[in-house]
Amino acid sequence: MVPAVEQHIGRGRPRLHAMLRGADEPCFRPCHQRLPEPAWRRDSRAKLRLRIWILLQRREFHAPTFIKILSSCPFCCNVKIHNELEALGYQDGVTLFGAPYDIRYAPPQPGQCSKVYSDYFARVKDLVQHASEKNANKPVIFIGHSFGARLILDFVNSTPLIWRKKFIKHLVLLSPTPPTGFMEVVTNLASGPTVIRFPTVPPLDLRPMWWSFASSLLSLPSTTVFGHEPLIITKHRNYSAYDYQHFLASLGFNMKGMLPFTKWVLPTNMRVEAPMVPTTYLNGVGIQTTKQVVYWDGNFDVSPDNVYGNGDGVVNWISVLAFAKELKRQHYSENIFFKFVKIPNATHGDITIQDNSLKIVMAEILEANS
């Protein structure tokens, strides 16, 4: 949840320290410029009770040597949360830990297995227990953003209920990518990824590489939420959430070059498994978000025309609401705390960068800490 403090390793390149072995080079670069201290943070420090925070953050994708990775990163919101918590008295490696992940891989679906995620979840579990033992056996609080928030849920749901009740105090999910699906997954498949950026390389040229990632098929819009509504429109035919096999075939997509994952099953409906521990879910709303794409001539090698709806600029609001509603239903059925906070005009990537939304996020983090 909270990124670890930066260390300069070799030739002055900034990295973030990670407790997990083999998980160096997170995706973001440290922000060296701090905001003036707001009054709400000064007031909060006086009544702070130190807890343990763990951040799930994305690892940097290692590009071929002839391509440089852009220095700017849309996920530097993790750095700002880290700076805020550090200013409140949290210490890296003591009450603040990071758990970077590899965006190329997808967590396994029920009945499947993934060596990558079996190993990763085992390391996260060891980290949680280590952090707890280091702090008088206190339970930890997870914070995750976007895909990192999704992985928090996958990790927690992979553990026995008795274990999570002992070691997890609270989850703070910031704009999670929901299993209910969202349209950017479709546009990334068709037109190349926006989540990985290379200088001078258009997203379309990254499409073959993106297709090799198991994560490229994660969170396709579900039939339960999106139904038979056309998602991809051409003059010859339309494609809904029921038509992914035909859509992928029309793209020329195949799984032969995909990273090892076992057999992949395309989603047919929504499957939400609540973590059954206290959870706060925050998401932006009121941002223009793609809900349909038009490739009128059926040429997927050109940029589409977009039809927009409501959301956070990445995740469609209809999907956010369906996901939050189901999490709430499952939690309330067992009298477990669940809170959904919508933040007007907060984008997916900037939810903890914009001053107004950052203040809301920090208030909820501190409430989880009470």
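We number each residue from 1, following the sequence as shown.
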Go through the steps for Ser212 and Arg104 under the test side-chain hydrogen bond (donor to acceptor under 3.5 Å, both in side chains), then give the verdict.
-> CA-CA 8 Å; Ser212 73; Arg104 295 174 297 174; over 6 Å; no
May I ask you to say whether [X] pairs ionically with [Y], meaning some side-chain N is under 4.0 Å from a carboxylate O?
{"X": "Lys291", "Y": "Glu229", "answer": "no"}
{"X": "Asp119", "Y": "Lys115", "answer": "yes"}
{"X": "Arg271", "Y": "Glu273", "answer": "yes"}

Which heavy atom of [X] sits nearest a heavy atom of [Y], and at what distance?
{"X": "Phe121", "Y": "Leu151", "result": "CE2-O, 4.2 Å"}
{"X": "Tyr281", "Y": "Val320", "result": "OH-CG1, 3.6 Å"}
{"X": "Ala190", "Y": "Leu251", "result": "CA-CD2, 3.9 Å"}
{"X": "Ala131", "Y": "Val140", "result": "CB-CG1, 4.4 Å"}
{"X": "Asp301", "Y": "Arg207", "result": "OD1-NH2, 2.6 Å"}
{"X": "Ser175", "Y": "Gly284", "result": "OG-N, 4.4 Å"}

So, for Phe247 and Phe300, is the gap between ring centers shorter than 6.0 Å?
-> yes
Aromatic ring proximity, centroids under 6.0 angstrom, Tyr242 and His228 | yes
Verify same cluster id: [X], [Y] (apolar side-chain graph, 4.5 Å):
{"X": "Leu231", "Y": "Ile233", "value": "no"}
{"X": "Tyr101", "Y": "Val116", "value": "yes"}
{"X": "Met276", "Y": "Trp163", "value": "no"}
{"X": "Trp210", "Y": "Val201", "value": "yes"}
{"X": "Val272", "Y": "Val156", "value": "yes"}

Pair Gln330-Glu326, side-chain hydrogen bond (donor to acceptor under 3.5 Å, both in side chains): steps then yes or no | CA-CA 6 Å; Gln330 293 184 36; Glu326 181 58 19; 2.8 Å; yes
Describe, in one word, how the ring planes of Phe155 and Phe142 are oriented to each other, choosing from parallel (under 30°), tilted (30 to 60°) and perpendicular (over 60°).
-> tilted
Spatial distance of atom [atom1] ([X]) from atom [atom2] ([Y]) [nearest 0.5 Å]:
{"X": "Arg164", "Y": "Thr159", "atom1": "CZ", "atom2": "OG1", "value": "4.5 Å"}
{"X": "Leu358", "Y": "Glu84", "atom1": "CG", "atom2": "CD", "value": "5.0 Å"}
{"X": "Thr180", "Y": "Ile318", "atom1": "OG1", "atom2": "CD1", "value": "9.5 Å"}
{"X": "Asp312", "Y": "Ile287", "atom1": "CG", "atom2": "CD1", "value": "8.0 Å"}
{"X": "Leu88", "Y": "Leu366", "atom1": "CG", "atom2": "CG", "value": "6.0 Å"}
{"X": "Asn345", "Y": "Ile343", "atom1": "CG", "atom2": "CD1", "value": "11.0 Å"}

Given Ile196, Leu218, Val195, the one that forms side chain to side chain contact (heavy atoms under 4.5 Å, CB included) with Phe213 = Ile196
I want to check something: taking the side chain as every heavy atom from C-beta on, are [X] and [Y] in contact at a cut-off of under 4.5 Å?
{"X": "Glu364", "Y": "Leu282", "result": "yes"}
{"X": "Ser216", "Y": "Asn188", "result": "no"}
{"X": "Asn310", "Y": "Val285", "result": "yes"}
{"X": "Ile351", "Y": "Val361", "result": "yes"}

Distance-only, no hydrogens or angles: does the [X] side chain make a donor-acceptor pair with backbone N or O of [Y] under 3.5 Å?
{"X": "His331", "Y": "Phe337", "result": "yes"}
{"X": "Lys80", "Y": "Ile353", "result": "yes"}
{"X": "Ser319", "Y": "Phe182", "result": "no"}
{"X": "Ser219", "Y": "Pro178", "result": "yes"}
{"X": "Lys134", "Y": "Gly93", "result": "yes"}
{"X": "Asp305", "Y": "Val293", "result": "no"}
{"X": "Ser132", "Y": "Gln129", "result": "no"}

By side chain to side chain donor-acceptor pair (under 3.5 Å) - contacts of Arg237 (at least two apart) | none
Ignoring hydrogens and angles, state whether a donor on the side chain of Asp243 or Ser240 is under 3.5 Å from an acceptor on the partner side chain.
-> yes
Distance-only polar pair, side chains of His145 and Thr352, donor-acceptor under 3.5 Å = no
side-chain hydrogen bond (donor to acceptor under 3.5 Å, both in side chains) between Asn369 and Tyr90, intermediate numbers included | CA-CA 12 Å; Asn369 186 48; Tyr90 290 93; 3.2 Å; yes
Ser191 and Tyr295: side-chain hydrogen bond (donor to acceptor under 3.5 Å, both in side chains), yes or no, with the steps?
-> CA-CA 10 Å; Ser191 301; Tyr295 296 90; 2.5 Å; yes
Test side-chain contact (heavy atoms from CB on, under 4.5 Å) on Leu171 and Leu153 and set out the steps.
-> CA-CA 9 Å; Leu171 308 183; Leu153 295 174; 4.1 Å; yes
